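We name chains A, B, ... by the order of the sequence lines, and we start the count at 1 in each one. Quick caveat: nothing in here was measured; it's all calculated off a predicted structure.
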There are 2 protein chains.
Amino acid sequence: MTSVRKVSLDAANRLILDALMADSRTSLRTLAEQAGLSAPAVRERIRQLEEAGVILGYTAQVSWAALGYGLEAIVRIEPLPGRLREVERALREMPQIVQCDAVTGDDCFIARVVLRDVGDLDGVLDPLHVLARTSTAVIKKATIPLRAPPYPDG
Amino acid sequence: MTSVRKVSLDAANRLILDALMADSRTSLRTLAEQAGLSAPAVRERIRQLEEAGVILGYTAQVSWAALGYGLEAIVRIEPLPGRLREVERALREMPQIVQCDAVTGDDCFIARVVLRDVGDLDGVLDPLHVLARTSTAVIKKATIPLRAPPYPDG
DNA sequence: AATGAAAGTGTTTATCC
DNA sequence: GGATAAACACTTTCATT
C-alpha cells in the first residue's frame, strides 16, 4: 500500500490523476484518449500509481446531509493530564466522528463530527468531558469544499 | 445536483452505497451480484441516488504526501474587524488550502493546508496576517482517517 | 421497478515494436 | 514503455412482466 518505488508525475500521469480525481469512474478508454495513449498503457500507468501509493483508492462521495446528518461541527479536544490514550480510544469508538487528527499545540486532537441536529452534540461531547476539555465550532458553510492542491515544484 | 426527490435507503441501496464508498470503480455487474439485483436495476438505483443528491460524485483519493506535500496543518482564522470578506477571498485564492469551513465562534474560518515542509508555512500565513489573527496546529497523525458515519435512525 | 437477452462498449491479454 | 488486435467482460437498451 505504501510508497516504495517512485513513479514519474509526467504530463500523461497528471492528466490521468486529474481525470480520476474529477470522476473516478471514467473509463480507461476515455482516459487513454485524453492522455494520448492506448488503453493498456493507461492501465499500466494506473497500476504503477496505485503501487507507488500515489493513488490511495477510489471512493463515492456521499452527502451526509442527504443521509440525515444536517449539521457538521469541528471539535478541538485537550485531554486532561494522563488521559491521552483514553481520549484517543473514546474518539475512535464514536462513529459520528468522521475524521480526527492528532496535532501540535494545546489541543491534541481536532475532530470533524456529523450530527442529525444540535441535540446530538451532547451525546458526542458528554462522554468526552470526563477525559478532556473540548471546544466546539459548528460549521455554517463549506467555504472551500475539499479540493486538490497544485502539483508542487515543476 | 441538489436533492429534490427523495429516495429510499433500503438494504439494496445501502449495499450499493457501501460498495461504492469502498471502491467507486466497482462494476455494475459486481454491485448487482452483491445486492441480489440485475445490472440494469442497479444502474437505475444509482441514477436515482445521484439525482437525489445522495451520491455527490466519484473521486480518486490521491496521497498529497506522495505528491510532495509532506506536512498538513489546520489553521484557525479570526478576521480583523471589517476584514471578513477580504479574508474569505484570500483563502480561496490560496491553492495550498485544500478545505475551509466557516464556523460559529471567535474563529470564523478553519482551514486545512498542505505544505511541502515547515518552511512553506510563512508563505501561507504571512498574506493572512494583515487581515486576521491565525492559530496553526501541525498535524502529527491522522488518528481517524476520513470515514463514513453509520446510517442514522432505523 | 425489475428482468433477460441482444447489441454496443470497454477491458484485457498476447504479440510485436 | 507503448501499440495493435482479438478475446473477453461489462454496460445499455429494449421488450416484457
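Taking the nucleotide of DNA chain D with the nearest heavy atom to each of A/Arg25 and A/Ser38, the more 5' of the two is matched to A/Ser38.
Within 6.0 Å of CG on B/Asp106 lie no more than 12 heavy atoms contributed by other residues, nucleotides or ligands.
You'll find that the side chain of B/Arg45 is closest to C/dA2, out of C/dA2, D/dA3, C/dA1. Side-chain proximity of B/Gln48 to the nucleotides D/dC10, C/dT11, C/dA1 is greatest for C/dA1. Considering only the side chain of A/Ala41, D/dG2 comes nearest among D/dG1, D/dG2, C/dT11. The listed nucleotides are C/dA2, C/dT13, C/dA5; the one nearest the side chain of A/Pro40 is C/dT13. Comparing atom distances between the A/Leu37 side chain and each of D/dG2, C/dA2, D/dT11 picks out D/dG2 as nearest.
With rounding to whole Å, A/Arg29 atom CZ is found 11 Å from C/dG8 atom C1'. Taking atom CD1 of B/Ile16 as the reference point, atom C1' of C/dA2 lies 12 Å away to the nearest angstrom. Distance A/Glu33 CD to D/dG2 P: 17 Å, rounded to the nearest Å. Put simply, CG on B/Leu28 is 9 Å from C1' on D/dT12, counting in whole angstrom units.
Residue A/Ser27 is in sugar-phosphate contact alone, with no base atom involved, counting any heavy-atom pair closer than 4.0 Å across all strands shown.
Note on B/Glu51 versus B/Arg47: salt bridge recorded, some NZ/NE/NH1/NH2 to OD/OE distance being below 4.0 Å.
Residue A/Arg43 has no polar side-chain atom (N or O) positioned under 4.0 Å from OP1 or OP2 of C/dT11.
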Show the numbers, then the answer: is there a side-chain contact (heavy atoms from CB on, under 4.5 Å) between A/Thr143 and B/Leu91?
CA-CA 9 Å; A/Thr143 305; B/Leu91 293 170; 5.5 Å; no

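By the side chain to side chain donor-acceptor pair (under 3.5 Å) test, B/Arg133 pairs with no residue at all, sequence neighbours left out.
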